[in-house]
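Heads up, the thing below is written out as structure tokens.
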Amino acid sequence: MATTSTSPTPRTTPRATASSNGHAWWRSAVIYQVYVRSFADGNGDGIGDLAGVRQRLPYLRELGIDAVWFTPWYPSPMADGGYDVADYRDIDPVFGTLADAEALIAEAAALDIRVIVDVVPNHCSDRHSWFEEALEAGPGSPERERFWFRAGRGERGDLPPNDWSSIFGGSAWTRVRDANGAPEEWYLHLFAPEQPDLNWDNEDVRREHEDVLRFWFDRGVAGVRIDSAALLFKDGALPDFDPDEAPSPHPFTDRDELHDVYRSWRGLADGYAGERILIGELWLQDAARFARFLRPDEMHTAFNLQFLACPWEPDQLRECIDSTLAVHAPVGAPATWVLSNHDVTRHVTRYGRAESSFDFAAKKRDIPPVDLELGTHRARAAALLTLALPGAAYIYQGEELGLPEVEDLPDEVLQDPMFFRSGGTDPGRDGCRVPLPWRAEEPTFGFSPEDATADPWLPQPASWREFSADYQAGRSGSMLELYREALRIRRADPALGDGALHWLDATNGVLAFARGEGFLCVVNLSAAAVELPRHDRVLLQSGPLTDDKLPPDTAVWLLHFS
Ligand code: NOJ
Ligand code: CA
């Protein structure tokens, strides 16, 4: 057993050469998710915007990420945080202008940061010109064919066309009225009524989305995150079904017709220089079906939402890692690792609970007790685990600051349709979308400029002072410094990112694996401190060692020469 120095020097040259020519950059990328509305407010109206992002690009550069994924920034009535898109080729005025987005893409590129945009093909806004035209044109028109309009059931047509439920709660159908106010057809919306589903059997829909991809690729974006990517196609017969019976094929999830669309998108992306990528948001239980989307001529990668949902439990994590790698291997796609995003309870909070898995259905207003100190220890260890696993990794804004979920937002400030459509039984997703704290000593913790004219769109807890980026910067032991150091090592060490993993023998409750020639990652999820494997140097640790042993809920990165 050798030294425990914590100031490593890179063993080899950085892999910048490989990524700067674009070659397979995405196989090892660390992608930072910006939820624009909550990242940084440049103009003082209390809402994050592109000016705010542009001011903070140096922060992202210093953090050491490879790309930024922006949640939808398009003109939108914001019925679902912008996932109700009114115009796919512009920027919402609250966020800025198209020229701002172009400048942002160029400024990010100058810092070697790629930009990924969110595309939303399953549905648009009810204020999109297509939907307005469809309402206007009336039943039987080609304009209505771009959506799912149907007559209602029952004698007066006042029952929905089928029994499908919206993912946000309630029926998936809303009835429209004609010009005289009389009830007329119904339209399908798998999410909120303000998000009518598009009909992917319609050629206009297909053509339009390919054109939107070209629009953003032409502006230099490096990839697209595909929202609700498994939902686009519907069984045209729109049959009733029992969701508990998991029918196959399912009337609207993971239908075979999807693959043809993504093949076509891949062909389009491959026509651009510099490896433009497709990233799928696929909530699918069946791992083999998930992998079909990652065949070499379809998407490049997809979010590992199983890992995100997995509890902080050694056997289940090990199982999840193994099955992830096994599922990706045959299609040759890199795995991805995700701990949090804008839809789920932040993992500092999840990991501080007795039940630390994530499940939408289990999220209730009755919030179980949480030990945030424990959750933070675990989140630190999880960061080292995640960033050492083979493939690409995602960081949700604020995760690098160790932010917990805000679970005591008053009802009157909540905006998420999940809260409203559940009749308030589901607290919704606002608690992970609270504006970021940047400067400990400023009002709004520097989220808005000091002369701001409005409060942040969601209130920040007073306790967030010490989570502020400037408070953590340079402070040893802070979450921000842990992420910075981990990302610095990851960039410098070719053993990390894409590649193979070898498990090491370890005591029960300990995850230990090797990458490359001599990089080791050990995570202790057992209740007792454990000996470290033979090593020459400690590169990074998520918490202090005790008598050279690794305490519970702690992770370490080691180097072992020879
Ligand atoms: C998934 C997005 O991540 C979520 O925020 C959104 O509400 C739904 N798709 C609908 O677009
Ligand atoms: Ca603003």
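Order of listing sets the numbers, starting from 1, for every ligand and every atom in it.
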Requested in this report: Please state whether the separation between the Ca ion (ligand 2) and some N/O/S atom of S448 is under 3.0 Å?
Outcome: no
Report task. Tell me, please, if I47 has any N/O/S atom, main chain or side chain, under 3.0 Å from the Ca ion (ligand 2)? Result -> yes
Requested in this report: For residues 84-106, pull every pair meeting ring pair (Phe, Tyr, Trp, His ring centres under 6.0 Å), keeping only residues two or more places apart or in separate chains.
Outcome: Y88-H128, Y88-H209
Of all the atoms in ligand 1, which lie at a distance below 4.0 Å from a heavy atom belonging to [X]?
X: F168; value: 7 (O)
X: H342; value: 2 (C), 3 (O), 4 (C), 5 (O)
X: E281; value: 1 (C), 3 (O), 9 (N)
X: H123; value: 10 (C), 11 (O)
X: F191; value: 8 (C), 10 (C)
X: D227; value: 1 (C), 2 (C), 3 (O), 8 (C), 9 (N), 10 (C), 11 (O)

Report summary line: among protein heavy atoms, the one nearest atom 6 (C) of ligand 1 is D80 OD2, 3.4 Å
Query raised in the report: How close does the nearest protein non-hydrogen atom get to atom 3 (O) of ligand 1, and which residue and atom is it?
Result: D343 OD2, 2.5 Å
Report summary line: the Ca ion (ligand 2) -> D41, closest N, O or S atom is OD1
Query raised in the report: So what does the D45 OD1 - the Ca ion (ligand 2) - D49 OD2 angle come to, to 10°?
Result: 170°
Report task. Test the R37-Y35 pair against the cation-pi criterion, namely NZ or CZ under 6.0 angstrom from the six-membered ring centroid and within 45° of the ring axis. Result -> no
Query raised in the report: Is it true that the NZ or CZ of R255 lies under 6.0 Å from the centre of F233's six-membered ring and within 45 degrees of the ring axis?
Result: no
**Report entry** ligand 1 contact on Y35 by region, counting heavy-atom pairs under 4.0 Å
**Finding:** neither
Query raised in the report: Which one holds for R225 and ligand 1: side chain close, backbone close, both close, or neither close, with close meaning a heavy atom under 4.0 Å?
Result: side chain
Report task. For D218, look at atom CG and say whether over 12 heavy atoms of other residues, nucleotides or ligands are found less than 6.0 Å away. Result -> yes
Report task. Give a yes/no verdict on whether any heavy atom in R429 is under 4.0 Å from an atom of ligand 1. Result -> yes
**Report entry** Listed partners of R378 passing side chain to side chain donor-acceptor pair (under 3.5 Å), at least two apart
**Finding:** D553
Query raised in the report: Under 30°, 30 to 60°, or over 60°: which ring-plane class applies to F358 and F360, parallel, tilted or perpendicular?
Result: perpendicular
Query raised in the report: Using the ring of each side chain (for Trp, its six-membered ring), is F293 parallel, tilted or perpendicular to H259, with breaks at 30° and 60°?
Result: tilted
**Report entry** Side-chain touch L282/M299, heavy atoms, less than 4.5 angstrom
**Finding:** yes
Query raised in the report: Can you find a side-chain donor-acceptor pair between E355 and S357 that sits under 3.5 Å?
Result: yes
Query - ring pair (Phe, Tyr, Trp, His ring centres under 6.0 Å) evaluation trace for W69 with F303 - result: CA-CA 12 Å; W69 147 39; F303 298 104; 5.1 Å; yes
